[in-house]
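Remarks on the structure that follows.
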Amino acid sequence: MVQAYILIQTEVGKAAAVAHEISGIPGVTQAEDVTGPYDVIVRAEARNVDELGKLVVAQIQAVDGITRTLTCPIVHI
């Protein structure tokens, strides 16, 4: 299982709506609107890195109002 944080920038005023919509996507375990350089932080999981990539590109980035994403895979050292 691969887990990651996805940091999202949105259009002005869209953070809450984006977080709400993303929270319903399978594979997303948490989506919160936050303050700072990013507007939404998502925690997601997938079976492998390829599935994680598909989740981000095909589903999360397709949500209206998103301008940029940064995916940060979780590592266990």
Side-chain angles (χ1 to χ4, degrees):
M1 183 71 62
V2 176
Q3 298 176 319
Y5 287 100
I6 303 156
L7 311 177
I8 299 173
Q9 292 177 335
T10 69
E11 296 172 4
V12 174
K14 299 271 186 155
V18 166
H20 178 73
E21 187 169 345
I22 289 175
S23 68
I25 295 174
V28 171
T29 58
Q30 192 171 13
E32 300 285 344
D33 47 319
V34 297
T35 61
Y38 294 95
D39 304 304
V40 177
I41 298 179
V42 172
R43 184 164 176 152
E45 60 185 21
R47 289 181 299 188
N48 55 50
V49 173
D50 290 338
E51 292 295 319
L52 179 64
K54 290 176 187 175
L55 171 66
V56 173
V57 173
Q59 296 183 55
I60 292 175
Q61 289 181 351
V63 172
D64 186 50
I66 292 178
T67 58
R68 182 173 295 182
T69 65
L70 174 66
T71 303
C72 304
I74 296 171
V75 294
H76 301 281
I77 299 174

Are any non-hydrogen side-chain atoms of E32 and V40 less than 4.5 angstrom apart? no
P37 to Q9 - nearest heavy-atom pair and separation: O-NE2, 3.2 Å
Are I6 and I25 connected, step by step, through hydrophobic side chains (Ile, Leu, Val, Met, Phe, Trp, Tyr) whose heavy atoms are closer than 4.5 Å? yes
Closest non-hydrogen contact found for Q59 with P26 is OE1-CD, 4.2 Å
Can you find a heavy atom in the side chain of Y5 that is under 4.5 Å from one in the side chain of I74? yes
Is K14 salt-bridged to D39, going by a charged N under 4.0 Å from an acidic O? no
Side-chain donor-acceptor contact under 3.5 Å, E45 with T29: no
Would a 4.5 Å heavy-atom cut-off, applied to side chains only, mark T67 and T10 as touching? no
Please determine which of L52, V57, L55 meets the side-chain contact (heavy atoms from CB on, under 4.5 Å) test together with T71. L52
Which atom names give the shortest non-hydrogen contact between L7 and C72, and what distance separates them? CD1-SG, 4.1 Å
Which distance, rounded to the nearest 0.5 Å, do you find between the CD of Q3 and the CZ of R43? 4.5 Å
Write down the atom of V18, the atom of I66, and the distance for their closest heavy-atom approach. CG1-CG1, 3.8 Å
Answer with yes or no whether the hydrophobic clustering places Y38 together with I22; edges join I, L, V, M, F, W, Y residues whose side-chain heavy atoms lie under 4.5 Å apart. no
Closest heavy-atom pair and its distance - A31, A19: CB-O, 3.5 Å
Flag yes if V49 and V56 sit in one hydrophobic cluster, no otherwise; membership is Ile, Leu, Val, Met, Phe, Trp, Tyr, and two members link when side-chain heavy atoms are under 4.5 Å apart. yes
What are the two closest non-hydrogen atoms of A4 and P73, and how far apart are they? CB-CA, 3.7 Å
CD1 (I60) and CD (E21) are apart, to the nearest 0.5 Å, by 11.0 Å
Quick check: is L70 connected to I41 through a chain of hydrophobic side chains (ILVMFWY, heavy atoms under 4.5 Å apart)? yes
